[in-house]
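The next block holds one structure in the form of structure tokens; read it before the comments.
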Amino acid sequence: LEAQKLVFDVDGMACEACSSKVTKTLTALEGVQSSEVCHVGKQAAVTFDPASLNAKALIEAITELGYDASIQVAAETEEEEAELVETTEI
């Protein structure tokens with residue numbers, strides 16, 4: 001399987017030490033190829049092998065550190081973005 005990249009919204013990071021802690025934890029997981037974490041943007045971008053890891057495991061690793069994490073939904077095209085907006089409106 002090809003490597004998968006997901007972006008997570010991470011709430012609770014306040015400083016560079018926070019993002020370093022999340023980066024260190026994610027990159028220590030077997031199957032993670034790279035991670036870029038930004039406390040300012042409150043995001044973590046993770047490239048991983050889906051054969052050995054899944055999004056749930058990544059979220060659990062982040063929440064065990066005391067932060068809230070969720071997958072950021074990204075649209076590939078304008079049509080997908082419009083569809084996402086339509087299906088998520090209340």
Side-chain angles (χ1 to χ4, degrees):
L1 287 171
E2 198 173 300
Q4 185 175 358
K5 182 174 183 176
L6 289 176
V7 177
F8 298 90
D9 289 320
V10 183
D11 285 328
M13 294 188 297
C15 61
E16 186 66 38
C18 295
S19 53
S20 292
K21 187 162 64 168
V22 174
T23 300
K24 187 180 279 187
T25 298
L26 290 172
T27 53
L29 295 172
E30 188 175 330
V32 171
Q33 296 172 358
S34 69
S35 67
E36 297 170 30
V37 182
C38 177
H39 68 280
V40 177
K42 297 180 176 12
Q43 293 180 339
V46 186
T47 303
F48 62 98
D49 177 5
S52 44
L53 207 56
N54 62 20
K56 184 179 178 187
L58 295 167
I59 289 172
E60 285 174 2
I62 296 169
T63 56
E64 282 177 13
L65 295 172
Y67 307 109
D68 292 323
S70 59
I71 297 175
Q72 187 179 81
V73 179
E76 295 287 319
T77 64
E78 286 182 28
E79 290 91 16
E80 283 182 24
E81 187 173 3
E83 191 175 300
L84 280 172
V85 171
E86 285 176 23
T87 58
T88 55
E89 283 183 7
I90 298 171

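Numbers here are sequence positions counted from 1. Below, all heavy atoms of this structure are taken into account, side chains as well, without hydrogens, waters or symmetry copies.
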Query - Approximate separation, where rounding is to 0.5 Å, of Ser70 OG and Ile62 CD1 - result: 9.0 Å

**Report entry** Linked, directly or transitively: Val7 and Val10 (ILVMFWY side chains, under 4.5 Å)
**Finding:** no

Query raised in the report: In chain order, what residues pass the side-chain hydrogen bond (donor to acceptor under 3.5 Å, both in side chains) check against Asn54, with sequence neighbours excluded?
Result: none

Query raised in the report: Which heavy atom in Ala14 sits nearest to a heavy atom in Cys18, and how many Å separate them?
Result: N-SG, 3.3 Å

Requested in this report: Would you sort out whether Val46 and Glu36 count as a side chain to side chain contact (heavy atoms under 4.5 Å, CB included), showing the intermediate values?
Outcome: CA-CA 7 Å; Val46 186; Glu36 297 170 30; over 6 Å; no

Query raised in the report: Can you list every pair that meets side chain to side chain donor-acceptor pair (under 3.5 Å) and has a residue in residues 55-69, with sequence neighbours left out?
Result: none

Report summary line: Taking every heavy atom of Gln43 against every heavy atom of Gln72, the minimum-distance pair comes out as NE2-NE2, 2.7 Å

Query raised in the report: Does atom CD of Gln4 have more than 12 heavy-atom neighbours from other groups under 6.0 Å away?
Result: yes

Can I get a per-line list of side-chain donor-acceptor pairs under 3.5 Å for residues 20-33, giving both atom names and the distance, sequence neighbours left out?
unit_1	atom_1	unit_2	atom_2	d
Ser20	OG	Glu16	O	3.1
Thr23	OG1	Ser19	O	2.8
Thr25	OG1	Lys21	O	2.9
Thr27	OG1	Thr23	O	2.9
Thr27	OG1	Lys24	O	3.3

Query raised in the report: Of the non-hydrogen atoms in Phe8 and Ile59, which two are nearest, and what is the gap between them?
Result: CE2-CG1, 3.6 Å

Query raised in the report: Are Ile71 and Leu58 connected, step by step, through hydrophobic side chains (Ile, Leu, Val, Met, Phe, Trp, Tyr) whose heavy atoms are closer than 4.5 Å?
Result: yes

